[in-house]
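In what follows, chains carry the letters A, B, and so on, assigned in the order in which the sequence lines appear, proteins first and then strands, with residues in each chain numbered from 1. Since this is a predicted model, take the numbers as computed values, not measurements. Because only heavy atoms are used, hydrogens play no part in the values below, and waters and symmetry mates are left out as well, while side chains stay in.
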Amino acid sequence: MNELLRILLTVVGVLLGVMTLAPGLIWGERRLLALWQDRCGPNRVGPFGSLQLVADMIKILTKEDWIPPFADKPVFIIAPSIIVTATLSSFAVVVFAPGIAVADLNIGVLFFLAMSAMAVYSVALGGWASNNKYALLGSIRAVGQMLSYEVFMALSLMGVVALSGSFSFGDIVEAQRDLWFCVPQCLGLAVFFIAALAETRRVPLDLPEAESELVAGYHTEYSGMKFAMFFLGEYIGVTLNAVIIVALFFGGWHGPWLPPVVWFLLKTLAVIGLFVLIRASLPRPRYDQLMEFGWKALLPLALLNLLATGAIILARGG
Amino acid sequence: MFSIIRTIWHVFLHLFAPRMTVPYPEKQRELPPRYRGRIVLTRDPDGAERCVACYLCAAACPVDCIALQAAEDVDGRRYPAFFRINFSRCIFCGFCEEACPTCAIQLTPNVEMAEYDRQYLVYEKEDLLINGVGKYHDYNFYRVSGMAIRDKDKGEAEGERPPVEVQSLLP
Ligand code: SF4
Ligand code: SF4
């Protein structure tokens, strides 16, 4: 009974935490972006504008939820929910602090990779069902980009897995007690970070949305709550990738003085801040540059990293 | 590669730069005196209406938002019987001010004239006419023009020579 209660509490806690952090991120990002662009950002509703989110929510919930007559209706409706479900379920395998995890699977990393691959469906189906050329172009780009970067994303994590000898998040964090993996795996971290940017379709790698070329890419035809789902999906994705980076490269909950969960949260917020900072500073590359960079630079880097890690482990352990 | 990291660092430093945004209602920006805001009709230094209802402003207005009706008083001075500006159409281009021969119509730096109801944006003469001279302190059209009014005949304006008797010029 107690065990069941604990699990339930964790599930609710994680869900609540993510579902407040991700939308809060929308406000946080707008505020941070504004600060980095010498503006003020939303600062009117509530203290420091923190209730802006509520205002946005009311606005988006009361908007007309329009399904274009030429769209493929069932697919059009399902598509946005896939991305939210897929990204949310990835949080199940993350260990936030010793004992605080929904399910510390022994294949956690694989589960995360599988779920982030699921998100591709959402984007692809959304663009296809919209029956709109901009949406389709956006989703073609999204599929190409996400599938390619998926490869390096997985490869860049394998160094960490090799070092810790486990796919489970709990074991990986535990293995970083003395030395965070961002030091021996700095190459892997760089590759993973860029791949994460591409996976979440964030500026500067937001080619699937690219307002200046494609209206809004794959969610051109979406409005109201369905658009909000895509939007939320993106922000949950950002949170997820930040959480993964913290868990795999920055020692998860390890840190002096403060309780483990607080450390985890602080590190996550810092990584999210870095995501936003990059959005504030870099322009969007051309699509062929993006692909070329992925296959000709990141893939060899990730492979090299994996090879070197393996060689060192072999040389050390014999 | 290095330039990318440098860019990110420089953008980060902007966190501590002063904000460009002026938080408007709390902090007002100082508008220059020639700013093109709310339109007023001014009076000459003697306190009489400057506008002579010549329709030039209405003709110059690109959006046709000025309507007026000329009339003449007992002194022989022309004045607008009504003068109406529809500020929901006005684009504050200032052409009316440039067209006006008497410096009557002037744009001021006041910009706070928002309304919830469009009807209230139609300003009548009472709303437009002010008790001052605006930007031109000494200008009085009737004092410098050759137009004859009650206490001033032709040739009596400032710098004006008496009218030439045309017939006396005949050979
Ligand atoms: S400012 Fe321009 S638009 Fe407005 S009344 Fe004058 S001429 Fe017309
Ligand atoms: S405001 Fe000036 S331009 Fe317009 S009618 Fe009066 S005198 Fe003429």
Side-chain angles (χ1 to χ4, degrees), chain A residues 28-49 52 182 186-187 189-191 193-198 202-206 245 269-286 289-290 292-294 296-298 300-301 304, chain B residues 1-40 62-63 85-94 107-123 127:
Chain A
E29 170 165 43
R30 285 175 62 185
R31 211 53 221 266
L32 278 177
L33 273 183
L35 289 181
W36 279 315
Q37 293 167 352
D38 290 354
R39 297 180 285 120
C40 293
N43 60 356
R44 295 282 152 168
V45 198
F48 297 106
Q52 180 69 37
C182 59
C186 55
L187 262 183
L189 173 61
V191 174
F193 196 88
I194 297 169
L197 277 182
R202 301 267 308 162
V203 188
L205 305 182
D206 67 336
I245 289 175
L269 288 180
V271 175
I272 290 174
L274 191 58
F275 270 107
V276 179
L277 177 59
I278 285 178
R279 170 171 180 180
S281 36
L282 296 182
R284 183 189 302 136
R286 234 169 38 212
Q289 290 172 337
L290 173 87
E292 221 169 77
F293 180 65
K296 291 190 183 162
L298 290 188
L301 264 184
L304 215 70
Chain B
M1 185 65 207
F2 173 69
S3 75
I4 288 180
I5 291 169
R6 214 180 59 136
T7 311
I8 294 176
W9 174 244
H10 278 295
V11 171
F12 178 74
L13 287 186
H14 273 269
L15 202 58
F16 312 106
R19 311 289 88 183
M20 297 299 278
T21 319
V22 180
Y24 162 60
E26 293 94 45
K27 232 174 108 198
Q28 304 275 349
R29 259 192 71 183
E30 180 97 10
L31 291 175
R34 298 206 298 176
Y35 194 85
R36 301 199 303 263
R38 198 185 122 192
I39 299 174
V40 293
V63 293
I85 298 183
N86 181 354
F87 278 110
S88 66
R89 302 186 89 196
C90 177
I91 54 174
F92 300 99
C93 61
L107 279 76
T108 63
N110 178 9
V111 290
E112 292 177 330
M113 46 194 306
E115 294 283 356
Y116 283 105
D117 199 335
R118 257 165 195 263
Q119 302 300 318
Y120 300 140
L121 281 170
V122 179
Y123 280 40
D127 312 320

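Residues of residues 8-15 of chain B having a heavy atom under 4.5 Å from any heavy atom of chain A, listed by number: Ile8(B), Val11(B), Phe12(B), His14(B), Leu15(B). For residues 107-122 of chain B, an interface with chain A (any heavy-atom pair closer than 4.5 Å) does not exist. Among the residues in residues 29-39 of chain B, none has a non-hydrogen atom closer than 4.5 angstrom to a non-hydrogen atom of chain A.
Proximity to chain A involves both the backbone and the side chain of Pro23(B), based on heavy atoms less than 4.5 angstrom apart. Only the side chain of Leu282(A) has a heavy atom closer than 4.5 Å to any heavy atom of chain B.
Put simply, OG1 on Thr7(B) and CD1 on Ile278(A) are 11.0 Å apart, with the number rounded to the nearest 0.5 Å.
For residues 10-23 of chain B, the set of pairs meeting the salt bridge (charged side-chain N to carboxylate O under 4.0 Å, His left out) definition, not counting sequence neighbours, comprises Asp38(A)-Arg19(B).
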